[in-house]
Every structure is written in C-alpha cells, then in structure tokens.
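One-based numbering along the sequence shown.
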Amino acid sequence: PESTYLLWLDVSRLNISMNDLQERLIKIGNVAIMDGATYGGNGELFLRYNIGCPKSKVIEGLNRLMLSI
C-alpha cells in the first residue's frame, strides 16, 4: 500500500499532440503506453507507464520510448 508499479510520465513539454505521440511510440519505439486522459483529471498531459516487471524490461521500454520522441 506504500508503493505502486505505475509511473506517470509528464509529456507536457514535448509540444506534440497525444495522438501523434501515441502513433510514434507504437510505430517507432514499438511501445504501447496508456494515454493518461483515460484516467480523467489532467491526465492528457501524462503517459501511464507500468514498471511492474524486471528492471531490464523497464530500461528497455524507456530506451525505446526515448527513441520515439
């Protein structure tokens, strides 16, 4: 209860629409990350990133994410 396996990534400074970002993540980085708008509030400025996996997978996903933006 004192921790989580979900990370919220602030993408507000990328100056790209969420639709374009999602498309790039899928086509370039082969990464599927949930748009935070799905969860309400100001979620449209965030991506939800699941880190409930081995550290090597978290790092690989982050590297592919960075290649996409």
Side-chain angles (χ1 to χ4, degrees):
E2 294 178 16
S3 64
T4 184
Y5 59 93
L6 298 173
L7 195 71
W8 291 91
L9 302 172
D10 182 349
V11 295
S12 61
R13 292 186 181 184
L14 293 180
N15 200 22
I16 185 172
S17 75
M18 185 58 74
N19 287 337
D20 289 344
L21 178 57
Q22 290 285 76
E23 186 173 328
R24 291 178 67 146
L25 288 169
I26 292 167
K27 289 184 177 178
I28 298 170
N30 199 28
V31 177
I33 295 180
M34 290 296 296
D35 173 351
T38 303
Y39 305 99
N42 68 345
E44 70 273 2
L45 304 175
F46 295 87
L47 295 176
R48 189 181 84 156
Y49 187 65
N50 184 330
I51 58 172
C53 59
K55 183 179 179 179
S56 60
K57 287 217 171 255
V58 171
I59 292 170
E60 178 185 345
L62 287 172
N63 285 333
R64 287 190 285 148
L65 186 145
M66 289 173 46
L67 286 173
S68 302
I69 53 175

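Interatomic distance, CG of Leu21 versus CD1 of Ile69, reported as 7.0 Å (0.5 Å rounding). Leu25 contributes atom CG, which lies 10.5 Å from atom CG of Leu67 (distance to the nearest 0.5 angstrom).
Annotation: side chain to side chain contact (heavy atoms under 4.5 Å, CB included) contacts of Asn63 (sequence neighbours excluded): Ile59. In this view, Ile26 satisfies the side chain to side chain contact (heavy atoms under 4.5 Å, CB included) rule with no residue, not counting sequence neighbours. Residues forming a side-chain hydrogen bond (donor to acceptor under 3.5 Å, both in side chains) with Asp10 (at least two apart in sequence, or on another chain): Ser12.
Its side chain within the 4.5 Å cluster rule, Tyr5 clusters with Leu6 among the Ile, Leu, Val, Met, Phe, Trp and Tyr residues.
Under the side-chain hydrogen bond (donor to acceptor under 3.5 Å, both in side chains) criterion, the residue pairs touching residues 18-35 are Ser17-Asp20, Glu23-Lys27, with sequence neighbours excluded. Pairs passing the side-chain hydrogen bond (donor to acceptor under 3.5 Å, both in side chains) check and including a residue from residues 43-61, sequence neighbours excluded, read Tyr39-Arg48.
Hydrophobic cluster membership is shared by Leu47 and Ile16, with clusters built from Ile, Leu, Val, Met, Phe, Trp and Tyr side chains linked at under 4.5 angstrom. When the side chains of ILVMFWY residues are joined at heavy-atom separations under 4.5 Å, either directly or via intervening members, Leu14 and Leu62 end up in a single hydrophobic cluster.
The shortest heavy-atom contact between Val31 and Gly61 is CG2-O, 4.1 Å.
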Please test Leu7 against Val58 for side-chain contact (heavy atoms from CB on, under 4.5 Å), starting from the C-alpha separation and ending with a verdict. CA-CA 11 Å; Leu7 195 71; Val58 171; over 6 Å; no

